Amino acid sequence: MKHLILASHSPRRRELLAGLDLDFEVRVLEDIDEGYPKGLSSEQIALHIAKTKAEAYRRVITPDDLVITADTIVVLDGQVLGKPHSREAAIAMLQAISGRTHHVITGVALTTQSEQRTLSVVSEVTFKELTDEEIVYYVDNYQPYDKAGAYGIQEWIGYIGVTGLNGSYFNVMGLPVQRIYQELVEMCGAEALIHGGKARP
């Protein structure tokens with residue numbers, strides 16, 4: 001079984017990967033460029049950034065390591081909504097997605113020194129019409145400045161606002177763990193994956 005490395009600051013991604021009952025290490029390299037060329041499709045953007053992160057790790061991992069890198073974006077009417085840089089930006093993003101359907105796309109790269117597998121998962125999320133009071137309450141109390149689209153579906157805003165979901169809930173949280181598990185089985189073997197992790201007796 002490979003030594004798994006999760007390359008992410010996100011506590012949500014750590015929680016989700018831990019849910020697969022696998023042992024892993026969190027290792028984060030700073031100052032990785034998360035820009036992308038113009039002309040990429042929405043799915044290509046998330047995957048491009050995940051692969052860019054992976055290349056930075058490929059230079060420092062050992063033959064026994066397998067690093068998981070990911071990037072999640074929110075797309076509304078073809079426009080990418082990133083992480084809000086201010087209270088005003090967060091409020092504006094939530095006002096934009098209020099009463100609308102948008103897409104959440106996560107690109108993932110699973111990388112060793114000799115192999116790389118990539119995947120992209122799309123989920124469709126619909127919000128009710130949010131009031132300005134609800135939006136301001138959420139932003140001021142939850143400060144979603146580290147979240148693409150200015151919201152976390154697992155938080156209060158998801159409880160009161162999400163009226164429809166087509167696709168993976170965990171993808172919207174930031175990591176499509178079912179697809180990742182499937183890819184890890186193909187890379188490492190089901191037996192090694194289960195017995196190499198924290199399998200229950």
Side-chain angles (χ1 to χ4, degrees), residues 1-37 40-75 103-125 146-148 152-154 158 165-201:
M1 177 63 192
K2 292 284 189 181
H3 171 232
L4 295 183
I5 299 169
L6 176 63
S8 177
H9 280 297
S10 169
R12 295 167 298 282
R13 287 191 178 131
R14 296 177 195 184
E15 175 188 349
L16 289 170
L17 190 60
L20 295 180
D21 285 348
L22 298 173
D23 287 320
F24 64 92
E25 170 194 357
V26 174
R27 192 186 304 173
V28 180
L29 300 179
E30 303 296 340
D31 301 322
I32 296 176
D33 180 16
E34 296 190 15
Y36 53 88
L40 295 183
S41 69
S42 301
E43 290 188 40
Q44 289 173 328
I45 290 170
L47 202 52
H48 175 86
I49 296 172
K51 291 170 69 175
T52 298
K53 293 177 181 178
E55 286 309 307
Y57 285 84
R58 197 171 228 163
R59 296 190 291 267
V60 297
I61 59 176
T62 73
D64 293 327
D65 293 333
L66 190 160
V67 62
I68 301 171
T69 55
D71 189 73
T72 301
I73 63 173
V74 170
V75 182
H103 294 90
V104 179
I105 304 171
T106 302
V108 179
L110 295 91
T111 307
T112 68
Q113 281 191 346
S114 59
E115 181 181 5
Q116 182 177 78
R117 288 179 178 238
T118 61
L119 58 100
S120 184
V121 176
V122 182
S123 300
E124 189 178 83
V125 182
D146 64 336
K147 297 175 177 67
I153 194 171
Q154 74 280 7
L165 172 64
N166 183 15
S168 167
Y169 173 85
F170 299 117
N171 182 54
V172 182
M173 281 183 67
L175 205 62
V177 284
Q178 187 276 331
R179 283 290 310 279
I180 288 173
Y181 180 80
Q182 178 182 328
E183 294 293 332
L184 288 173
V185 165
E186 294 182 11
M187 293 178 78
C188 304
E191 190 75 11
L193 196 66
I194 292 174
H195 294 292
K198 300 175 287 188
R200 304 294 190 251

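Given the structure is predicted, the values throughout are model-derived calculations rather than measurements. Start at 1 with the first residue, then count along the sequence.
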> Taking C-beta and beyond as the side chain, do Leu66 and Cys188 meet within less than 4.5 Å on heavy atoms?
Replying inline: yes

> Does Lys147 reach the side chain of Arg12, with side-chain heavy atoms less than 4.5 Å apart?
Replying inline: yes

> Counting N and O atoms only, with roles assigned by atom type, does the side chain of Ser123 sit under 3.5 Å from a partner on the main chain of Ser168, one being a donor and the other an acceptor?
Replying inline: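 Indeed, once roles are kept as given, a pair shorter than 3.5 Å links the two residues.
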
>> Strictly distance-based, threshold 3.5 Å: is any side-chain N or O of Glu43 a donor or acceptor partner for the main-chain N or O of Ile105?
In response: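 Here the side-chain-to-backbone pair does not exist.
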
Just how far is it from atom [atom1] of [X] to atom [atom2] of [Y], taken to the nearest 0.5 Å?
| X | Y | atom1 | atom2 | value |
| --- | --- | --- | --- | --- |
| Gln116 | Thr111 | CD | OG1 | 3.5 Å |
| Asn171 | Leu16 | CG | CG | 10.0 Å |
| His103 | Ile73 | NE2 | CD1 | 11.5 Å |
| Ile180 | Leu175 | CD1 | CG | 3.5 Å |
| Phe24 | Arg14 | CZ | CZ | 8.0 Å |
| Thr112 | Met187 | OG1 | CE | 5.0 Å |

> Going through the distances and angles, do Ser41 and Gln44 end up as a side-chain hydrogen bond (donor to acceptor under 3.5 Å, both in side chains)?
Replying inline: CA-CA 5 Å; Ser41 69; Gln44 289 173 328; 3.2 Å; yes

>> Taking side-chain contact (heavy atoms from CB on, under 4.5 Å) as the definition, give me every residue that meets it alongside Thr62, ordered by chain and number, with sequence neighbours left out.
In response: Asp64, Asp65

> For Val28, what residues pass the side-chain contact (heavy atoms from CB on, under 4.5 Å) criterion, not counting sequence neighbours?
Replying inline: His9, Val26, Glu30, Tyr57

Return all side-chain donor-acceptor pairs below 3.5 angstrom for residues 45-55, not counting sequence neighbours, or 'none' if the list is empty.
unit_1, atom_1, unit_2, atom_2, d
Thr52, OG1, His48, O, 2.9
Lys53, NZ, Ala70, O, 2.7
Glu55, OE2, Arg58, NH1, 3.1

> Taking it one step at a time, do Leu184 and Leu22 satisfy side-chain contact (heavy atoms from CB on, under 4.5 Å)?
Replying inline: CA-CA 11 Å; Leu184 288 173; Leu22 298 173; 3.9 Å; yes

> When you look at Val121 and Gln178, which way does the side-chain contact (heavy atoms from CB on, under 4.5 Å) test go after all the steps?
Replying inline: CA-CA 10 Å; Val121 176; Gln178 187 276 331; over 6 Å; no

>> For Ile153 and Val104: C-alpha separation, side-chain torsions, deciding distance, then whether side-chain contact (heavy atoms from CB on, under 4.5 Å) applies.
In response: CA-CA 11 Å; Ile153 194 171; Val104 179; over 6 Å; no

Looking at every non-hydrogen atom in both residues, tell me the closest pair between [X] and [Y] and how far apart they are.
| X | Y | result |
| --- | --- | --- |
| Ala148 | Thr72 | CB-O, 3.6 Å |
| Asp23 | Leu4 | O-CB, 3.8 Å |
| Pro63 | Gln113 | CG-OE1, 3.3 Å |

>> Pair Leu6, Arg13 - check side-chain contact (heavy atoms from CB on, under 4.5 Å), show working.
In response: CA-CA 8 Å; Leu6 176 63; Arg13 287 191 178 131; 4.3 Å; yes

